Every structure is written in structure tokens, then in C-alpha cells.
Amino acid sequence: MNRRMAPLVRRRWRVLVWSLVAVLLVGAGISGVAVWQNTYALREERITVRHDGRLMDGVLARPQNGDGPFGLVVFVHGDGPVDATHDTFYRPLWESFAKAGYASLSLSKPGVGASEGNWQDQSMDDRADETLAVITWARTRPDIDGRRVGLWGASQAGWVLPKVTARDRAVQFVIAISPAVDWQQQVRYNLLAELRRDGATQDETQTALRRRETTLRLLRQGAAFEQYRAAVADTDGMTAERWRFIAKNYRSNASEDLRAMRGTPTLLVLAGHDINVDVADTEAAYRRILPPASLTVQHYPDATHSLVDNAVENSEPRLTLTAVFAPRRLYAAGFLAHQRNFVQQITDRKGTE
């Protein structure tokens, strides 16, 4: 997966939103509206978990009322240096799950926040190990119902969720948001989709595809970053750390691991404006491998890869204003309610067994 898979919020919010917020909040009363809209019915607790000799920093967000034990949704991030809240992008989801009686648990990636290490040193197996470690930790807490633990993951998490489920058969459900299946196939899809979006000529497209083939050849040869840089001249933002990360993971393919999810209730969420992941290919793979009885597929035709409304994402002023004054409306219409309803149905189904 290439660097363009960086999360929406990191890409667009961090500088844009808060620089504009400083101007917007000057008006009388406006600051109160923003604070109110960004206050969630949650009890957030900073947590640390030790795994593989290093500390992982995270957040456990419990429902506002009650002592539990609560069900738990464990979040698995997409690509990039994502913190536990995903720059607050996760909080509307946490609140929605809380309404169904579920807590949410999310870690900052290694090297992000107070988490030790470097996320670009990780393989997808490393990420699965990390997720399993935090599940084990959560099941020791009296306020968490260890029998009701599920996974939520986006994009690159598509290679992590099946690995975790294969090794922890007690995982109750999986929610996969815009997941990829075959790393190399989706990178090619993403490349071509971006070239079409940017109006590339046929010659430019062929040049980009030849560059991709050179990159793959070098990866297969185990080439160092210096060899890559010498071969392509313009590295287009590629760093030595990123090159090592891709070299560890470019062979990732979730097809085999997905077989372990048979029988595990799975919600597959796909967007109509996804230029990062080939949603048709993903849906075909999930339907081919997972039985219909355990698979639910939801389409959001007006959403982008991040499940943000396409019209909102592609308007900087609208994105900013929505993020500040109506963050729950960043997501595509119905998305938050559908997530909550899915986990509630799982709970209801287990209660009748």
C-alpha cells in the first residue's frame, strides 16, 4: 500500500482545521457551539499496555453510565502514523458503539503519541500480534465482557483483521471498513484511479506503470532503498523507512486468512468513491470466501475511502466547518447508526442462544 493511503483526517485536518478554528471561534457564542458538538457521551481513560518489550499508549472509551461489564470494539488503524483517537475522527464511532453498550479500545501506533517504537518497522503479522496483546489485556478488566469482543478496522487493517480472527476464535465479530485484499493489486488500482482523477495522458500512465514494474522488480530482488533511488531518480516522496515498510508487506494477501473468518459475523463496508481500494474486487473476494449467513455487505455510494461524504471531503471549507461544528455528520448518512445496529444485533443474537 503506498503512502497515498494516509488517513483523511491526518491529511486534511491537522493544519487546516485548527488554523481556521482560531478565526471562527472569535465570534460570541460560536465557541460554545463547537465545544458542545465535540463533547461525547463517553468516559475516556488513557491506558498503557506492554507488548514485546515496549509500552503501547491508548484510549479505552466506555459508555457514559454503568459499571459494565461492557462489550468491546477493538480498533485497528489503516496506514500511516495514527494516534489513538485518529485526531478525534473515531469519537463519533465510539459514542455510537457506546449507545449499544460497547466500549471502544484504540492504541496509538508505535512511535505515535506515547507509544514506543516505529510503526514502519511493523509487518502485518506484527500488527496482528499487537492487537491480540491488547485483547488479552482487555479481557483481564472487570468492566469488559471478554466474551463480547469484536474488531473494527479500516483500509490496511484488511490484512490484520483476518490474522487476529484466525488466532483468537473467541472474537465475536469483525467490521471491515474499505479493506484491501491483495496489496499489489490494490496499489495498481490506486495508481490508475489517481491518474484518471488527475487527467493523466496515456504516455504519463504508461510511464507510471513502468515505474511500478521497476519498483516491484526491485522489491522482489530485496533491493535497498539506495538501489531504488538510483533506479527511479525521482523518489516522489519515498523514504528509506517507507521503503523498508513496503518491502516487509508488499506480498500481503488476505485471501487465505479470510478463510478463518468463516462463521464469524462480518460487516463489510464499501464506499462508492473509493480511489484507494478496488471495492468490486474486495466484495468479490469476501463473497467468494465467506458464507452468506455470516457476511453482511453495506454500500455507501456517496462516500469516500474514509466513509466521509464525498461532497464534504472535496470541499475544504465544508470539511472544516463540519469537523468543527457537526463532527458526527462527517461520515456518510446512516453510517454511525448502521455500525451501532450491527453490534446490537450481535448482542441480541447471542442473548437468544
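Just so it is clear, the structure is predicted and the values come from calculations on it, not from any experiment.
Between Gln156 and Arg127, the side chains place a donor N or O and an acceptor N or O closer than 3.5 Å (distance only, hydrogens not considered). Asp203 and Thr201 share no donor-acceptor pair across their side chains, judged by distance under 3.5 Å alone. Donor-acceptor pairing under 3.5 Å is recorded for the side chains of Gln344 and Asp348. Thr85 and Asp83 are linked by a side-chain donor-acceptor pair at a separation below 3.5 angstrom, with hydrogens and angles left out of the test. If you check the side chains of Asp302 and Asn310, you find no donor sitting under 3.5 Å from an acceptor. Side-chain contact check for Glu241 and Asn118: at least one donor-acceptor pair (N or O, by modelled atom type) lies under 3.5 Å. Thr207 and Arg210 are linked by a side-chain donor-acceptor pair at a separation below 3.5 angstrom, with hydrogens and angles left out of the test.
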- Task: Check the pair Ile175 / Leu161 against side chain to side chain contact (heavy atoms under 4.5 Å, CB included), numbers first and verdict last.
- Result: CA-CA 9 Å; Ile175 300 175; Leu161 303 174; over 6 Å; no
- Message: I'd like to know whether Lys163 forms a salt bridge (Lys or Arg N to Asp or Glu O under 4.0 Å) with Asp168, so could you lay out the CA-CA distance, the side-chain angles of the two residues, the decisive distance to 0.1 Å, and finally the verdict.
- Response: CA-CA 9 Å; Lys163 292 180 182 295; Asp168 186 344; over 6 Å; no
- Item | Derivation and outcome, salt bridge (Lys or Arg N to Asp or Glu O under 4.0 Å), residues Asp278 and Arg188 | CA-CA 10 Å; Asp278 185 344; Arg188 186 178 193 277; over 6 Å; no
- How far apart are the C-alpha atoms of Ile47 and Val59, what are their side-chain angles, what is the distance that settles it, and do they pass the side chain to side chain contact (heavy atoms under 4.5 Å, CB included) test? CA-CA 6 Å; Ile47 60 101; Val59 173; 5.9 Å; no
- Message: Determine whether Arg62 and Asp143 satisfy the following criterion, side chain to side chain contact (heavy atoms under 4.5 Å, CB included), listing intermediate values before the conclusion.
- Response: CA-CA 9 Å; Arg62 293 172 295 164; Asp143 55 353; 3.3 Å; yes
- Task: Take Ser294 and Arg262, measure what side chain to side chain contact (heavy atoms under 4.5 Å, CB included) needs, and give me the verdict at the end.
- Result: CA-CA 7 Å; Ser294 64; Arg262 289 174 172 172; 5.8 Å; no
- Message: Evaluate Phe89 against Tyr331 for ring-ring contact (aromatic ring centres under 6.0 Å, His included), listing each step before the verdict.
- Response: CA-CA 10 Å; Phe89 192 58; Tyr331 291 102; 4.8 Å; yes
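Expressed to the nearest 0.5 Å, how far OG of Ser155 lies from CD of Gln186 amounts to 7.0 Å. Note: Thr266 OG1 to Met261 CE = 3.5 Å, rounded to the nearest 0.5 Å. Taking CZ of Phe173 as the start and CG of Leu267 as the end, the distance is 10.0 Å to the nearest 0.5 Å. Atom CD1 of Ile144 and atom CZ of Phe70 lie 7.5 Å apart (nearest 0.5 Å).
The shortest distance between side-chain heavy atoms of Met238 and Phe225 falls below 4.5 Å. At least one side-chain heavy atom of Arg328 sits under 4.5 Å from a side-chain heavy atom of Tyr40. Val181 has its side chain within reach of Ser255: a pair of non-hydrogen atoms, C-beta onward, lies under 4.5 Å apart. The closest side-chain heavy-atom distance from Leu93 to Phe335 is below 4.5 Å. Looking only at side-chain heavy atoms (C-beta outward), Leu105 and Val134 come within less than 4.5 Å of each other. The shortest side-chain heavy-atom distance between Pro110 and Gln122 falls under the 4.5 Å cut-off. Looking at heavy atoms from C-beta onward, Phe245 lies out of side-chain contact with Asp121 at the 4.5 angstrom threshold. Using a 4.5 Å cut-off on side-chain heavy atoms (C-beta onward), Asp52 and Asp129 make no contact.
For the pair Arg148 and Tyr102, the cation-pi criterion (under 6.0 Å, within 45° of the ring axis) is fulfilled.
The minimum heavy-atom distance between Ala260 and Thr165, with the atom names listed, is O-CG2, 4.2 Å. Heavy-atom minimum distance, Ala103 versus Leu60: CB-CD1, 4.2 Å. Looking at every heavy atom in both residues, Ile177 comes nearest to Leu307 through CG2-CD2, 3.5 Å. Ala254 and Gly158 make their closest contact through CB-O, 3.6 Å (heavy atoms, listed as atom of the first residue, atom of the second, distance). Counting all heavy atoms, side chain and backbone alike, His77 lies closest to Val82 at ND1-CG1, 3.7 Å. Of all non-hydrogen atoms in Val343 and Ala100, the two that sit nearest each other are CG2-CB, 3.7 Å.
Atom CZ of Arg141 has more than 12 heavy atoms from other residues, nucleotides or ligands within 6.0 Å. Counting heavy-atom neighbours within 6.0 Å of Asp67 CG, excluding the residue itself, gives a total of 12 or less. More than 12 heavy atoms of other shown residues, nucleotides or ligands fall within 6.0 angstrom of atom CD in Gln221. More than 12 non-hydrogen atoms from other residues, nucleotides or ligands lie less than 6.0 angstrom from CZ of Arg211. Within 6.0 Å of atom CZ in Arg147, 12 or fewer heavy atoms from other residues, nucleotides or ligands are found, so the atom counts as exposed in its surroundings.
For the side chain to side chain contact (heavy atoms under 4.5 Å, CB included) test with Leu151, the passing option among Val171, Thr264, Val73 is Val171; the others fail. Screening Arg54, Lys109, His51 for a side-chain hydrogen bond (donor to acceptor under 3.5 Å, both in side chains) involving Glu130 leaves a single residue, Arg54.
Here the two rings, on Trp152 and Tyr90, have centers that are under 6.0 Å apart. Between His338 and Tyr300, a ring centre-to-centre spacing shorter than 6.0 Å is recorded.
Classification of Arg167 and Asp257 as a salt-bridged pair fails, no side-chain N sitting under 4.0 Å from a carboxylate O. Using a 4.0 Å cut-off between charged side-chain N and carboxylate O, Glu95 and Arg91 make no salt bridge. Ion pairing of Asp234 with Arg229 is absent here, as no side-chain N (NZ or NE/NH1/NH2) approaches a carboxylate O to less than 4.0 Å.
Side-chain N or O atoms of Asp126 include one that pairs as donor or acceptor with a backbone N or O of Ser123 at under 3.5 Å. A donor-acceptor pair under 3.5 Å is absent between the side-chain atoms of Ser108 and the main chain of Gly113, judged by distance alone. Of the possible polar contacts, one joining the Asn249 side chain to the Met124 backbone as a donor-acceptor pair under 3.5 Å is found. Between the side chain of Thr320 and the backbone N or O of Glu316 there is at least one donor-acceptor pair closer than 3.5 Å. The closest donor-acceptor contact from the side chain of Asp182 to the backbone of Arg251 lies at 3.5 Å or more, if one exists at all. One N or O on the side chain of Thr322 and one on the backbone of Arg318 form a donor-acceptor pair closer than 3.5 Å. Judged by distance alone, with hydrogens and angles left aside, the side-chain atoms of Asp198 form no donor-acceptor pair with the main-chain N or O of Ala200 at under 3.5 Å. A donor-acceptor pair under 3.5 Å is absent between the side-chain atoms of Ser115 and the main chain of Gly111, judged by distance alone. A donor-acceptor pair under 3.5 Å is absent between the side-chain atoms of Thr282 and the main chain of Ala180, judged by distance alone. Distance alone, capped at 3.5 Å, is enough to place a donor-acceptor pair between the Arg43 side chain and the Gln64 backbone.
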